[in-house]
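Each chain gets a letter, A, B and so on, in the order its sequence line appears, and its residues count up from 1. Worth knowing before you read on, the calculation uses all heavy atoms, side chains too, and leaves out hydrogens, waters and symmetry mates.
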Number of protein chains: 2
Amino acid sequence: MLIAETFKALGDPVRLEIIERLSSGSLYTLSSVSKDLGLTRQGARKHLQVLADAELIKMEPTGRNTIITFAPASLKAADSFIKQLERKWDVRLEALREFAEGDKS
Amino acid sequence: MLIAETFKALGDPVRLEIIERLSSGSLYTLSSVSKDLGLTRQGARKHLQVLADAELIKMEPTGRNTIITFAPASLKAADSFIKQLERKWDVRLEALREFAEGDKS
DNA sequence: TACATATGCAACCTTTTGGTTGCTTTTTTA
DNA sequence: TAAAAAAGCAACCAAAAGGTTGCATATGTA
């Protein structure tokens, strides 16, 4: 929910790698993550938990496995936030430019 | 430079607040940041250093003050990264959809 | 020049993070 | 049913983060 939490979850190379692989379709279970990333299962689990808390992935226990899937909603929220910042900045620059022009005339 | 570093820098409520205020034009110096955010000067400085290392802001010593300015380039990079993830995901969903259709015919 | 302002650097402290090992439980499958 | 595969939980550990105080330094200003 909190935007800072989303960014924080993305702010780690291992987690970014997980997200990147998930978005292109690999890494389906907890153990495949730990194998592919070369971490212990618990190490992988902690990272996945962080991502799940930020709602960037979903973890569903299914029989013996825990299936990991990508959840793009939070990513969209992060995207919107960044865009909003860029927009604010542009508006401000534009205001400054207009002020400078007004100064000239 | 590293995308994870950018996200990490954004992954803290205080720093997000700083960036947000900067993008709309307030918070010009180190001390104004510390005053407005209610931190000690050194606390503020550490946060600003993190943002500067991630190249999200510029700090330039100017006489007695240190002027803080917003630097939107890294933000654009983060934006592109997120977009690329979303695109990958969409491509994959599309492939799945086509596969399902092929299955039907 | 003397004083106030703005900053820098270093040390310190507590909490969080990233990672591990060990042990138990659940679910397949041979 | 017995073995192995996948996972959960807890404890532990070192390093990083977030924040503080103290002291020194540079820069304006009265």
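Every residue was checked against the side-chain hydrogen bond (donor to acceptor under 3.5 Å, both in side chains) condition with B/S80, not counting sequence neighbours, and none meets it. Take B/A52 and apply the side chain to side chain contact (heavy atoms under 4.5 Å, CB included) test, not counting sequence neighbours, and it matches B/Q49, B/I57, B/M59. Remark: A/A4 engages B/P13, B/L16 in a side chain to side chain contact (heavy atoms under 4.5 Å, CB included) (not counting sequence neighbours). Under the rule for a side-chain hydrogen bond (donor to acceptor under 3.5 Å, both in side chains), A/T69 has no partner lying at least two apart in sequence or in another chain. In this structure A/E60 satisfies the side-chain hydrogen bond (donor to acceptor under 3.5 Å, both in side chains) test with no other residue, sequence neighbours excluded. Legend: residues meeting side-chain hydrogen bond (donor to acceptor under 3.5 Å, both in side chains) with A/T29, ordered by chain and number and at least two apart, are A/S32.
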Please list, pair by pair, any protein nitrogen or oxygen found under 3.5 Å from a nitrogen or oxygen in nucleotides 26-30 of chain C.
{"residue": "C/dT28", "atom": "OP1", "partner": "A/R64", "partner atom": "N", "Å": "3.4"}
{"residue": "C/dT28", "atom": "O3'", "partner": "A/R64", "partner atom": "NH2", "Å": "3.4"}

Between the protein and nucleotides 22-25 of chain C, list the N/O to N/O atom pairs that are separated by less than 3.5 angstrom.
{"residue": "C/dG22", "atom": "O6", "partner": "A/Q42", "partner atom": "NE2", "Å": "2.8"}

Between N or O atoms, less than 3.5 Å apart, protein on one side and nucleotides 12-14 of chain C on the other: list the pairs.
none

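Residues from residues 4-28 of chain A placing a heavy atom under 4.0 Å of any atom in DNA chain D do not occur.
Side-chain N/O atoms of A/T40 include none lying less than 4.0 angstrom from OP1 or OP2 on C/dG19. Put simply, B/T66 has no side-chain N or O that comes within less than 4.0 Å of OP1 or OP2 on C/dA6. B/S31 has no side-chain polar atom (N or O) that falls below the 4.0 Å cut-off from OP1 or OP2 of C/dT5.
To the nearest 0.5 Å, atoms CG (A/L93) and CZ (B/F70) are separated by 9.5 Å.
Residue pairs meeting the salt bridge (charged side-chain N to carboxylate O under 4.0 Å, His left out) criterion with at least one member in residues 23-46 of chain B, sequence neighbours excluded, do not occur. Pairs of residues two or more places apart, or lying in two chains, that qualify as side-chain hydrogen bond (donor to acceptor under 3.5 Å, both in side chains) and include a residue from residues 11-26 of chain A are A/R15-A/H47, A/E17-A/R21, A/E20-B/Q84.
Summarising the geometry, the separation between CG on A/L51 and P on C/dT17 is reported as 13 Å, rounded to the nearest angstrom. Rounded to whole Å, the distance from CD on A/E60 to P on D/dG8 is 13 Å.
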